[in-house]
Amino acid sequence: QFRLISPECTLPEGGVFSLHDDIDNALEAIRAKSSGKIYAIGGSYGANNLVYYLGQNNKLNKKIEAAVSISNPYDMLICERMAEGTIFETLITFLEKNNFKSIRKNVEKCKGIDINTEFIANCDVMKAYDEEFTRKVLGFKSADDYYRNISAYNKIGDVDIPLLYVSSRDDGMTSCCAIPFDDIRLNDKSLLLVTDRGAHMCFISNEKLTEIRQWVIKPVFEFLNANRDMKTTI
């Protein structure tokens, strides 16, 4: 579970931790319990972190065989600017504040970092939340510094496993303006699927009025199964 939404959230001495070290530690725990190959699917912010991890860590010590990124923000600085003043900013800020309620006591116990928890509990702007909390616990100088350096586009060219990207042009939360088309195209192990409709993490099909399904699941597992079968036959 993502550390910053867990009621058992603890921060290291000094208050700073790495999202990508957390992913790596989780993968090590999985490998300790299973000898099978690992395939990964990430959505939204999780997709961003997964792709960054694959470009930075997985290249050195391959723990994931193939992966899928759905509704990735790619460039969080662009997406934050596009979200300003919209319902999406309001929704994200509400979710962040709601998650913070469950970890507030643990954060207040951490002596290695100066965080105004009262300000966070009452802020209504996403960037203000990230400026006071997120960027501090991740060790960045500012919210913009955090958005710029954590963005997946920085590592897309370094990913060296099969990776399917799925995005939608009508995604109001992670703007298609941020999709790094050329960087993905230049990586011969990456495949980009962009739909006209799908919104953010939805991709709903309603061919039958009585059945509403998330159609993206089918191509995602076809892609992962194809890579698994290819590995098996080689």
Side-chain angles (χ1 to χ4, degrees), residues 1-5 19-20 22-23 26 39-56 58 64 66-96 98-99 126-127 129-130 134 146-159 161-185 187 189-206 212-224 227:
Q1 186 180 30
F2 179 35
R3 184 195 295 256
L4 295 185
I5 63 174
L19 291 171
H20 310 114
D22 277 8
I23 294 175
Y39 298 85
I41 302 173
S44 192
Y45 184 66
N48 179 86
N49 294 336
L50 173 62
V51 172
Y52 194 105
Y53 171 83
L54 292 173
Q56 177 170 277
N58 205 59
I64 297 175
V68 178
S69 158
I70 304 174
S71 297
N72 193 324
Y74 298 104
D75 187 327
M76 290 183 59
L77 190 61
I78 290 178
C79 289
E80 186 276 329
R81 297 290 190 272
M82 297 290 288
E84 284 183 358
T86 69
I87 186 63
F88 300 108
E89 180 184 42
T90 302
L91 175 61
I92 293 171
T93 307
F94 170 79
L95 292 174
E96 287 178 327
N98 191 56
N99 289 332
M126 178 174 65
K127 187 173 182 179
Y129 179 94
D130 289 333
T134 314
Y146 157 62
Y147 296 142
R148 187 179 298 109
N149 286 287
I150 203 75
S151 294
Y153 80 86
N154 291 305
K155 299 296 179 180
I156 283 175
D158 295 322
V159 176
I161 64 168
L163 177 54
L164 170 65
Y165 298 90
V166 184
S167 294
S168 174
R169 294 186 187 279
D170 69 344
D171 188 335
M173 189 171 291
T174 54
S175 173
C176 68
C177 296
I179 300 176
F181 289 95
D182 287 344
D183 291 336
I184 295 174
R185 178 178 58 82
N187 187 322
K189 294 191 176 181
S190 295
L191 177 65
L192 173 63
L193 169 62
V194 181
T195 64
D196 288 330
R197 300 193 178 196
H200 186 70
M201 295 290 295
C202 292
F203 302 98
I204 298 297
S205 171
N206 61 342
I212 298 179
R213 298 181 177 180
Q214 193 176 39
W215 64 260
V216 74
I217 301 300
K218 183 178 180 181
V220 162
F221 280 93
E222 285 178 345
F223 175 82
L224 293 178
N227 279 281

Please name all residues satisfying ring-ring contact (aromatic ring centres under 6.0 Å, His included) with Y52, sequence neighbours left out, ordered by chain then number. H20
For the pair Q56 (side chain) and D158 (backbone), establish whether a donor and an acceptor sit closer than 3.5 Å, ignoring hydrogens and angles. no
S71 and F203 have their tightest heavy-atom pair at OG-CE1, 3.8 Å
Any chance you could measure D22, atom CG, to Y53, atom OH, to the nearest 0.5 Å? 11.5 Å
Distance from I204 atom CD1 to R197 atom CZ, nearest 0.5 Å? 13.5 Å
Report yes if some heavy atom in the side chain of Y153 is under 4.5 Å from a heavy atom in the side chain of M76; otherwise report no. no
Atom pair NE2 (H200) and OG (S44), whose distance is rounded to the nearest 0.5 Å: 3.0 Å
Can you tell me how far apart CG (L91) and OG1 (T86) are? Round to the nearest 0.5 Å. 9.0 Å
Closest heavy-atom contact between I41 and L50? C-CD2, 4.0 Å
Taking the side chain as everything from C-beta on, heavy atoms only, tell me whether Y74 gets closer than 4.5 Å to I184. yes
With a 4.5 Å limit on heavy-atom distance, are the side chains of R169 and V194 in contact? yes
Can you check whether I150 reaches N49 side chain to side chain, under 4.5 Å on heavy atoms? yes
Which residue pairs pass the salt bridge (Lys or Arg N to Asp or Glu O under 4.0 Å) test when at least one of the two sits in residues 175-185, sequence neighbours left out? D182-R185
Just by distance, with hydrogens left out, do T174 and D171 show a side-chain donor and acceptor under 3.5 Å apart? yes
Where do S168 and A199 come nearest, in terms of heavy atoms and distance? OG-N, 3.4 Å
Is any side-chain heavy atom of I23 less than 4.5 Å from a side-chain heavy atom of L19? no
Looking at I78 and A178, what are the two nearest heavy atoms and their distance? CG2-CB, 4.1 Å
With a 4.5 Å limit on heavy-atom distance, are the side chains of Y165 and I179 in contact? no
F94 atom CZ: more than 12 heavy-atom contacts under 6.0 Å: no
Minimum side-chain heavy-atom gap D130-E80 below 4.5 Å: no
Identify the residue among D75, I156, L192 that makes a side-chain contact (heavy atoms from CB on, under 4.5 Å) with P180. I156
S167 side, atom OG; F181 side, atom CZ - distance, nearest 0.5 Å: 7.5 Å
Given side chains that start at C-beta, do those of Y45 and I92 come closer than 4.5 Å, heavy atoms only? no
Distance in Å, K127 NZ paired with E89 CD, rounded so as to fall on 0.5 Å steps: 10.5 Å
Nearest heavy atoms of A47 and G42, plus distance in Å: CB-O, 3.3 Å
Look only at the side chain of N227 and the backbone of L163, and say whether a donor-acceptor pair between them is shorter than 3.5 Å. no
Over all heavy atoms of both residues, which pair between L164 and P219 is shortest? Give the atoms and the distance, please. CD2-O, 4.2 Å
Atom CE of M82: over 12 foreign heavy atoms under 6.0 Å: no
